[in-house]
Amino acid sequence: MIFNYFRNRKLMTKLMITYILVTVIPVSVLGYIAYKQYTMSIENQVGEYIPKLLEQANININNQLNDYKSLPDALYNSSQIIEVLRKDAYQNNSALFRDEFLVNGILSRMYMTSGNSDILGVFILSKNRLFQSTKHTEINVNIEEFPSFLGEEIDLKGGTEFILPNEVDLAFEGDPPYLFMMRELRDYENQENLGTMFIAIGLNFIEQAMQGLTRDRDPTIWLTDQDGRFIYHSDRSMIGKVDAQFSHYPKINGSFRTTDWIDNDLISTYKFPTMNWYSFHRIPLHELMKDTNVVRNGTIIAFIIIVILSSVISVLLAWNVSSPIKKLTFLMKRVEKGNFKVDLPMEKKDEVGMLAKSFNSMIQEIEYLIRENYQIELKQKDAELYALQSQINPHFMYNTLETISYAVEEDDKEEVIKIVTLLGRMLRYSLNNKDKLVPISLEVSHTEDYLTIQRFRFEERIHFLLSINVDQENYMIPKFILQPVIENAIKYGLDRSRKINIEVRMKVNNDKNLLIEIADDGPGMEEAILKKIQLSLDQDPMLRDSQYGLLNVHARIKMMYGEQYGLDLESKAGIGTVVYLLLPLENNIERKGVS
């Protein structure tokens, strides 16, 4: 009795009872969503905050590098060094040793004892002489040991170049990582090359600039050049190596998340303002979300328990509602297939019973409307297609009139007469709308007039050939099915090609149908574009898109003759396109009033 009482209650009553029993589910879902939003908020905040820190660090590093670039300028204040560098030869080794002692001492005072702890050594390579000063006096490099590719005649065009750690096999005490700054020394009075200056700069200034990025977590930080080679890395053993993942990183300023399940990280990057260097900051997401994991685990456990309990209760309560709805769904699928001879008997008085009654009434009404409106719909589509076929492209009219204008300006009366005659004949053909079918000869003549006008406009850029192997007077075809296809070929062909050859071929195929081929040797289509057009041909023929002319022709043929007829095309990029029109042979015996 309780079950029967419940089954006759209103659907709203059933839903209210179910809702009360499963209220905990929305609460769990909201908790899960809140957790996800919270974690996403943390990730977004870090993703926005870290690039700003990288930007500031890059600016600081860049400013420091600019300061280092100005260090060689101090040499020009020492007339003694300039005088030594100008010398080409020595009478004895004593004079050479004296000059080396002098220059080395000045370099030491200028750079080694100036308070800049990042400078590891200074070298001047000039006219087969090597002057040097390093922080540790026991380090002394012979000219034979100096890297051979760092020659004296390097043309830096007045600029400064930084040599990366892997390119120089020169070690200092403690093996610190460093950059080798190379600067050409010019004698501005004599406009001669005095030699090349090298300054070994330790990477401590980069590490200091990055200190603000390592306060809260333990991220991985590195700098690379444009080829992905590590200039600096928080793991010093990586300096000089190549980042295998560099090519996969987006080269934009910002943060992105890796999609590797094993190594899911948040990576931030920022490009240096004046050099093709990139700075990176990488932190694992589990490290970033460490503080929220406890909340997440508790939420997931509670969510699973509540879902299991509420699902069991909901299934039991929803069974009474789902049974008649399943029957209604089954009948609706039969209606989708076109079978309107269905009926849904229902004794219930709740909302499901009212739905069944409305469904039966709706089916009866749809069946009536289909019978009533079927012919009207066909006439509307027919009228729309017929109106479309009589249109002339405004751009074609404008271009033709412009061609006539040029011919008038050049006083080419014969050409003007020909174009005006052809245009008038085309207009007369277009304005005659009483016949949907015309003899093949009229459509071919109209097409030839159109191509001739285009030939006047584009001159030697267009060549065409009409090959008609059917009886043009005794067979009919729909009006305006050739011009839209040819117009499409000219439009897209001349956009990317210097010239185009168009050939129209008509013949009767083995199935006794009329086959029209419109071929061009234009740029053709990529496979993706061709598939998109072919998909459009299989869809609603009344759709409008960039291939409007092709779709209109295809739709008219299908609606006039059936699904087995229509338009198809083949195309290959760089070779050309062939459009096929398949139509039945229409005899001209019953034709009346063809103009």
Side-chain angles (χ1 to χ4, degrees), residues 57 60-75 77-78 81 85 100-126 129-152 154 156 159-185 195-211 221-225 229-241 272 275 277 279:
N60 294 338
I61 294 172
N62 195 72
N63 291 338
Q64 188 67 48
L65 290 175
N66 288 334
D67 291 342
Y68 289 141
K69 289 179 182 179
S70 63
L71 289 177
D73 295 335
L75 290 179
N77 296 326
S78 174
I81 290 182
L85 296 180
E100 287 181 352
F101 179 80
L102 173 65
V103 173
N104 292 347
I106 296 175
L107 292 178
S108 177
R109 291 192 298 272
M110 279 187 176
Y111 300 106
M112 296 296 101
T113 60
S114 61
N116 193 328
S117 59
D118 291 332
I119 299 178
L120 303 178
V122 181
F123 306 87
I124 297 178
L125 192 60
S126 173
R129 298 167 299 174
L130 179 62
F131 306 100
Q132 59 183 309
S133 178
T134 61
K135 281 193 176 299
H136 305 281
T137 55
E138 61 272 15
I139 296 177
N140 189 38
V141 181
N142 296 323
I143 192 168
E144 293 81 8
E145 299 172 351
F146 205 70
S148 59
F149 76 95
L150 303 178
E152 301 178 30
I154 296 177
L156 299 178
T160 302
E161 182 175 336
F162 286 95
I163 302 172
L164 303 185
N166 66 293
E167 298 176 324
V168 181
D169 187 16
L170 188 62
F172 295 90
E173 184 179 2
D175 198 21
Y178 64 92
L179 288 174
F180 224 33
M181 188 182 77
M182 182 167 59
R183 169 80 174 270
E184 179 185 5
L185 299 177
T196 307
M197 184 175 184
F198 304 89
I199 301 179
I201 303 171
L203 300 185
N204 290 333
F205 72 99
I206 297 179
E207 191 169 340
Q208 293 174 359
M210 296 295 182
Q211 284 180 352
I221 301 173
W222 68 92
L223 270 67
T224 68
D225 62 4
R229 190 173 297 278
F230 293 115
I231 300 171
Y232 167 80
H233 199 286
S234 50
D235 180 2
R236 289 194 172 188
S237 64
M238 300 296 295
I239 296 176
K241 298 180 181 179
F272 272 68
M275 293 184 294
W277 289 6
S279 59

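- Checking side-chain atoms of S78 against main-chain N and O of L75 turns up no donor-acceptor pair under 3.5 Å.
- Of all heavy-atom pairs spanning A209 and A57, the tightest one is O-CB, 3.5 Å.
- In this structure a side-chain-to-backbone donor-acceptor pair under 3.5 Å is present from T113 to R109.
- Counting heavy atoms from C-beta outward, I81 and F131 have side chains that stay 4.5 Å or more apart.
- Taking 4.0 Å as the cut-off between side-chain N and carboxylate O, D235 and K241 do not count as a salt-bridged pair.
- Taking OG1 from T196 and CG from L185, the interatomic distance works out to 7.0 Å, rounded to the nearest 0.5 Å.
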Assess whether side chain to side chain contact (heavy atoms under 4.5 Å, CB included) is satisfied between L65 and M275, documenting all intermediate values.
-> CA-CA 11 Å; L65 290 175; M275 293 184 294; 3.2 Å; yes
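- A distance of 10.0 Å separates CG of L71 from OG1 of T160, quoted to the nearest 0.5 Å.
- A parallel orientation is assigned to the rings of W222 and H233, their planes being inclined by less than 30° (bins at 30° and 60°).
- The CD1 atom of I201 sits 8.5 Å away from atom CD of Q64, with the distance rounded to the nearest 0.5 Å.
- Y232 pairs with exactly one of T224, L223, L179 by the side chain to side chain contact (heavy atoms under 4.5 Å, CB included) rule, that one being L223.
- Looking at every heavy atom in both residues, M112 comes nearest to T134 through SD-C, 3.5 Å.
- Put simply, CD1 on I199 and CD1 on I124 are 9.0 Å apart, with the number rounded to the nearest 0.5 Å.
- Ring centroids of F205 and Y68 are separated by less than 6.0 Å, placing the two rings close together.
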Starting from the C-alpha separation in whole Å, work towards a yes-or-no answer on side chain to side chain contact (heavy atoms under 4.5 Å, CB included) for F123 and L107.
-> CA-CA 9 Å; F123 306 87; L107 292 178; over 6 Å; no
Taking it one step at a time, do M197 and V122 satisfy side chain to side chain contact (heavy atoms under 4.5 Å, CB included)?
-> CA-CA 7 Å; M197 184 175 184; V122 181; 3.4 Å; yes
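- Taking all atoms of both residues into account, the shortest heavy-atom contact from Y178 to A200 is CD1-CB, 3.9 Å.
- Residues K69 and R183 share a closest heavy-atom pair of O-NH1, 3.0 Å.
- Aromatic ring orientation, W277 versus F272: perpendicular (interplanar angle above 60°, classes split at 30° and 60°).
- Atoms CD1 and OG, on I119 and S133 in that order, are 10.0 Å from each other to the nearest 0.5 Å.
- To the nearest 0.5 angstrom, I221 atom CD1 is 11.5 Å from I206 atom CD1.
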Output, in order, the C-alpha distance, side-chain angles, deciding distance and verdict of side chain to side chain contact (heavy atoms under 4.5 Å, CB included) for E207 and L203.
-> CA-CA 7 Å; E207 191 169 340; L203 300 185; over 6 Å; no
